[in-house]
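For reference, the structure discussed in these notes is given below.
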2 protein chains.
Amino acid sequence: MSISIQMQLNERLYLKNPQDTKLGKKIIQYSIILIDEIGFEAFTFKKLAERINSTEASVYRYFENKHRLLVYLLCWYWEWMKFHIDYNTMNIEDPKQKLKIAISAIVDTSRRNTSIQFVDEDVLHRIVVAEATKAYHTKQVDEENKEGFFLTYKSLAKRIAKIIKEVNPNYPYPRALASTLLEMANNHIYFAQHLPSLTDIEVKEDDLSQVEELLEDFAFGLLIRD
Amino acid sequence: MSISIQMQLNERLYLKNPQDTKLGKKIIQYSIILIDEIGFEAFTFKKLAERINSTEASVYRYFENKHRLLVYLLCWYWEWMKFHIDYNTMNIEDPKQKLKIAISAIVDTSRRNTSIQFVDEDVLHRIVVAEATKAYHTKQVDEENKEGFFLTYKSLAKRIAKIIKEVNPNYPYPRALASTLLEMANNHIYFAQHLPSLTDIEVKEDDLSQVEELLEDFAFGLLIRD
DNA sequence: TGTTTATTGGTAGTTTTACTATCGATTCGA
DNA sequence: TCGAATCGATAGTAAAACTACCAATAAACA
């Protein structure tokens, strides 16, 4: 018996489903490693092809360009985060507890789940922190949004907003708070590592507990006022 | 009599001070317009040179590459925002009032100040909203930070953090709140325009008052708890 | 087992980007 | 008006971002 788990992602993101073939999986696996190593700007399909002993043309059979590959990788992470939030809040009654669980997933899903596939989620998380904003900060946002590229992210934010509403139905900005928590997590991890004067927290040896505390203080400070 | 105002910016950002010459000023003026038109990714020195009837090589005499030009433009805006906050809070006693003034500057400095130079601050603000995160989301952050590229931004954040501390000296995350307000403003303007389900606010006909309300609710909600 | 078909490799070629170098003309200030 | 600064014009390179085509091979299927 063999179990194979497939991540369902927007088909328009790729030309050929990379999860279907050996080479496809290698592209996913090593693009994560290479983007982490050299950064998204310096990353090219040619360098990736060299790394996996394949050719540029072969990579182009899977993804139209590197931007779509990036969005694909990010959607993977977001989809996984959403699953994680759903799974871990399933039998929880207390909305506050739910929100705490969601925040811990927002801060770092990779730390809390075992890897099941060819994706190194720990490295993927570093990409999310460093490159995620580039997914939608382009001139093509509107077209890409119409094509559904950001459905995963939006539905993740919606899920978090729903929990926020449960905690305080009268809070006027549930969606804004949800997206802010998502953005803040990445920002403050990045700031702590590169521009520490822009935050008050520290991230020592991948210990993200202070980020979690910050987000909890933020969320509950806004939602629970007496 | 003639008054000429110069914006003091980090000298390492440019090879030759663009504020010193006609061509330099044209580069600043039209790079803002062109980046706004086609986005930073598609923007090249060649296209800029064509637009101003000059040559690629001439543009390269001022800036090493387009990334440094972007940082230069953003620093311009941040420097200006800082000046604006300082100027408008000068004779104000009440810290809460100071923070409100700061927030209104964060949301949109361009709307509140008359243009004095060859820079169209309104268009520059659109660039800040759409492209600002790209300034420091690169593999070279650490080196560039050492070179002082982000001093302007950091000192702006520090100024805002100082006001936050005046409002509530016991708040544990003044710097994080300052940078979050700066990031949030851009994010929610952008979301309202391109990914509206990620926020609760609306931006109609460049009316940013709802962004201001959101940031005020955030800041005071966190700082004033009874 | 043989035959399609899918998948990949290899090569080649194009346009654009991101530069650098050189030289002559112009302009600007002392 | 002399010299320095500035700019325009041209040329050239390496890499990026693709597209096209054909042959080899592996997988599927009958």
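So that the names make sense, note that chain A is the first sequence line, chain B the second, and so on, each numbered from 1.
Near-neighbour residues of DNA chain C inside residues 59-75 of chain A, defined by a heavy atom below 4.0 Å, number-ordered: A/Arg61, A/Tyr62. Within residues 20-38 of chain A, the residues approaching DNA chain C are A/Thr21, A/Leu23, by heavy-atom distance under 4.0 Å.
Put simply, CZ on A/Phe45 is 19 Å from C1' on C/dG10, counting in whole angstrom units. Computed from coordinates, the B/Glu41 CD to C/dA18 P distance equals 10 Å when rounded to whole Å. In this structure, A/Leu15 atom CG and C/dT7 atom P are separated by 13 Å, rounded to whole Å.
Remark: B/Arg51 engages B/Glu37 in a salt bridge, criterion side-chain N to carboxylate O under 4.0 Å.
Rounded to 10 degrees, the angle between the two end axes of the helix from C/dT1-D/dA30 to C/dA30-D/dT1 is 30°, with five pairs used at each end.
A donor-acceptor contact under 3.5 angstrom links the side chains of A/Glu144 and A/His67, judged on distance only.
For the pair A/Ile85 and A/Leu156, the minimum side-chain heavy-atom distance is below 4.5 Å.
A donor-acceptor distance shorter than 3.5 angstrom exists from the side chain of A/His125 to the backbone of A/Val107, with no hydrogens or angles considered. Judged by distance alone, the side chain of B/Lys82 and the main-chain N or O of B/Ala157 form no donor-acceptor pair under 3.5 Å.
Every pair passing salt bridge (charged side-chain N to carboxylate O under 4.0 Å, His left out) that includes a residue from residues 53-64 of chain B is listed here, sequence neighbours excluded: B/Glu64-B/Arg68.
Each of A/Ala57 and A/Lys47 lies near DNA chain D, and the nucleotide nearest A/Lys47 is the one positioned closer to the 5' end.
Note on ring orientation: taking the six-membered ring where Trp is involved, the planes of B/Phe218 and A/Phe218 are tilted (angle from 30° to 60°).
Taken to the nearest 0.5 Å, the CG atom of A/Leu34 stands 6.0 Å off from the CG atom of A/Leu48.
Residues A/Tyr190 and B/His137 place their aromatic rings such that the two centres sit under 6.0 Å apart. Aromatic ring centroids of B/Phe191 and B/His188 lie under 6.0 Å apart.
Residue A/Ser58 has a polar side-chain atom (N or O) positioned under 4.0 Å from OP1 or OP2 of C/dG9.
Residue contacts shown for A/Lys16 are limited to sugar-phosphate atoms, with no base heavy atom under 4.0 Å away.
For the residue pair B/Ser104 and B/Glu212, the shortest heavy atom distance occurs at CB-OE2, 3.3 Å.
By the neighbour-count criterion of 12 heavy atoms within 6.0 Å, atom NZ of B/Lys47 is densely surrounded, having more than that number from other residues, nucleotides or ligands.
The span of DNA chain D lying next to chain A, judged by atoms under 4.0 Å from heavy atoms, is bounded 5' to 3' by D/dA16 to D/dC21.
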For residues 20-29 of chain B, tabulate all N or O donor-acceptor pairs below 3.5 Å that involve a side-chain atom, not counting sequence neighbours.
unit_1: B/Asp20; atom_1: OD1; unit_2: B/Gln6; atom_2: NE2; d: 3.4
unit_1: B/Thr21; atom_1: OG1; unit_2: B/Gly24; atom_2: N; d: 3.0
unit_1: B/Thr21; atom_1: OG1; unit_2: B/Tyr62; atom_2: OH; d: 2.5

